[in-house]
Enquirer: 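Pasting in a structure now, in structure tokens, and then I'll have a few things to ask.
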Amino acid sequence: MELRSVEELMDLLHACRGVRHSPGPGGRRPGSRADLHEHALQTAALLRRGRPADKELQVAGLVHGIGRLLPPGGEPGHAERAADAVRSLLGERVAALIRLHAAPAHDAYPDDDLTALRQAADGAGAAGAAAGVVEDWRTVLELVAARNSRLGAVD
């Protein structure tokens, strides 16, 4: 499935509300009450605090879990499904970060951005702090999508 607009992506992010997932090693503790929706918002908020100028990294944190909702759904292959879904809309860098965030450390490139994404995803929910609402991210998503569209037109 390929997402063609920010509106489609926003709908998918809203659909994450109430969907639970089992975190991988180093992820949140079993029994964590946050759903994919809250996890996405918290991950993106941590990245915004740590890397305020890096909108693509923040967006990768926001959308990294959507693959669990894409067919066939579930944990296996979720990162690849999410990366494939957002690549044309949000660009190759966002897609690569999403694809690699769930890969074993020895399979992924050593990269500060990837490390930041993994740490934010692992840390999301630790403090249980509110992280805003998905609508707060619409403008950032539109900015990254527009930038990707312009870059694609130049190539």
Side-chain angles (χ1 to χ4, degrees), residues 1-48 50-51 54-129 131-138 140-142 144-145 148:
M1 175 181 181
E2 182 179 306
L3 297 171
R4 299 187 190 282
S5 69
V6 169
E7 197 59 43
E8 286 181 0
L9 180 53
M10 292 293 292
D11 289 345
L12 192 56
L13 288 167
H14 283 290
C16 289
R17 186 178 301 278
V19 176
R20 309 261 184 243
H21 76 290
S22 47
R28 289 199 297 207
R29 296 175 297 278
S32 171
R33 294 166 41 157
D35 59 18
L36 283 177
H37 181 83
E38 293 165 357
H39 178 75
L41 291 171
Q42 292 166 354
T43 301
L46 286 170
L47 289 165
R48 180 169 39 202
R51 301 272 194 88
D54 194 341
K55 303 304 184 202
E56 289 179 338
L57 180 60
Q58 296 165 25
V59 164
L62 182 68
V63 304
H64 76 278
I66 63 170
R68 292 176 180 90
L69 297 181
L70 300 173
E75 196 67 27
H78 79 278
E80 292 81 11
R81 288 191 301 275
D84 290 345
V86 302
R87 181 174 285 108
S88 65
L89 180 63
L90 301 176
E92 187 56 44
R93 178 172 178 241
V94 172
L97 286 165
I98 293 168
R99 182 173 42 80
L100 292 171
H101 89 275
H106 63 278
D107 290 345
Y109 60 87
D111 181 275
D112 289 342
D113 297 339
L114 183 58
T115 300
L117 175 57
R118 286 179 171 173
Q119 288 174 343
D122 288 348
V133 296
V134 170
E135 280 302 319
D136 294 342
W137 289 93
R138 181 183 294 275
V140 177
L141 288 167
E142 289 171 347
V144 171
N148 179 58

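Values below: every heavy atom of this structure, side chains too, minus hydrogens, waters and symmetry copies. Along the sequence shown, the residues carry numbers beginning at 1.
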Enquirer: Identify the heavy atoms of Val19 and Asp35 that sit nearest to each other, and give their distance.
Expert: O-CB, 3.2 Å
Enquirer: Looking at residues at least two apart in the chain, or sitting in another chain, which of them share a ring pair (Phe, Tyr, Trp, His ring centres under 6.0 Å) with His37?
Expert: none
Enquirer: Once you round to the nearest 0.5 Å, how far does CG of Leu70 lie from CD of Glu80?
Expert: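 So the gap between those two atoms works out to 12.0 Å.
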Enquirer: Taking only residues two or more places apart in sequence, or in another chain, which ones meet Arg87 in a salt bridge (Lys or Arg N to Asp or Glu O under 4.0 Å)?
Expert: Asp84, Glu92
Enquirer: Tell me the closest heavy-atom pair linking Gly65 and Leu36, and the distance in Å.
Expert: O-CD1, 4.0 Å
Enquirer: Compare all side-chain heavy atoms of Leu62 with those of Leu141 and state whether any distance is below 4.5 angstrom.
Expert: yes
Enquirer: Strictly by ring pair (Phe, Tyr, Trp, His ring centres under 6.0 Å), give each pair with a member in residues 67-93 just once, sequence neighbours left out.
Expert: His78-His101
Enquirer: Answer whether the closest heavy-atom distance between the side chains of Leu89 and Asn148 falls below 4.5 Å.
Expert: no
Enquirer: Could you give the distance from CG (Leu57) to CG (Leu114), rounded to the nearest 0.5 Å?
Expert: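 If we round to the nearest 0.5 Å, Leu57:CG and Leu114:CG are 9.5 Å apart.
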Enquirer: Please name all residues satisfying salt bridge (Lys or Arg N to Asp or Glu O under 4.0 Å) with Glu7, sequence neighbours left out, ordered by chain then number.
Expert: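 By the salt bridge (Lys or Arg N to Asp or Glu O under 4.0 Å) rule, Glu7 matches Arg138.
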Enquirer: Heavy atoms, side chains only, cut-off 4.5 Å: are Pro72 and Arg81 in contact?
Expert: yes
Enquirer: Among Glu56, Gln42, Gln58, find the residue that satisfies the side-chain contact (heavy atoms from CB on, under 4.5 Å) test when tested with Leu47.
Expert: Gln58
Enquirer: Got Leu46 and Gln119 here, is their nearest side-chain heavy-atom distance under 4.5 Å?
Expert: no
Enquirer: The criterion is side chain to side chain donor-acceptor pair (under 3.5 Å); which residues satisfy it with Asp54, sequence neighbours excluded?
Expert: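 Only Arg93 meet the side chain to side chain donor-acceptor pair (under 3.5 Å) criterion with Asp54.
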Enquirer: Taking all heavy atoms of Thr43 and all of Ala124, pick out the closest pair and write down the distance.
Expert: OG1-CB, 3.4 Å
Enquirer: Kindly state each residue pair satisfying salt bridge (charged side-chain N to carboxylate O under 4.0 Å, His left out) with at least one member in residues 58-67, sequence neighbours excluded.
Expert: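 Every candidate salt bridge (charged side-chain N to carboxylate O under 4.0 Å, His left out) pair involving residues 58-67 fails, so no pair, neighbours aside, qualifies.
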Enquirer: Less than 4.5 Å apart, side chain to side chain, heavy atoms only: is that true for Glu135 and His14?
Expert: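 Answer yes - side chains close enough.
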Enquirer: What are the two closest heavy atoms between Ala145 and Val6, and how far apart are they?
Expert: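 So the minimum-distance heavy-atom pair works out to CB-CG2, 3.9 Å.
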Enquirer: From Asp136 CG over to Leu41 CG, what is the distance, rounded to the nearest 0.5 angstrom?
Expert: 8.0 Å
Enquirer: Do the non-hydrogen side-chain atoms of His39 and His64 ever get within less than 4.5 Å of each other?
Expert: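 They are in contact (side-chain heavy atoms under 4.5 Å apart), so the answer is yes.
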Enquirer: Would you mind reporting whether Leu9 and Ile66 have side-chain heavy atoms less than 4.5 Å apart?
Expert: yes
Enquirer: Looking at Ile98 and Val86, what are the two nearest heavy atoms and their distance?
Expert: CD1-CG2, 3.7 Å
Enquirer: Would you check, one step at a time, whether the test side chain to side chain contact (heavy atoms under 4.5 Å, CB included) holds for Leu12 with Met1?
Expert: CA-CA 12 Å; Leu12 192 56; Met1 175 181 181; 5.6 Å; no
Enquirer: List the residues meeting side-chain contact (heavy atoms from CB on, under 4.5 Å) with Glu8, not counting sequence neighbours, and say none if there are none.
Expert: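 With sequence neighbours excluded, Glu8 shows a side-chain contact (heavy atoms from CB on, under 4.5 Å) to Leu3, Arg4, Ser5, given in chain and number order.
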Enquirer: If I compare all heavy atoms of Gly67 with all of Ala82, which pair ends up nearest, and what's the gap?
Expert: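 Looking at all heavy atoms of both residues, the closest pair is N-CB, 3.6 Å.
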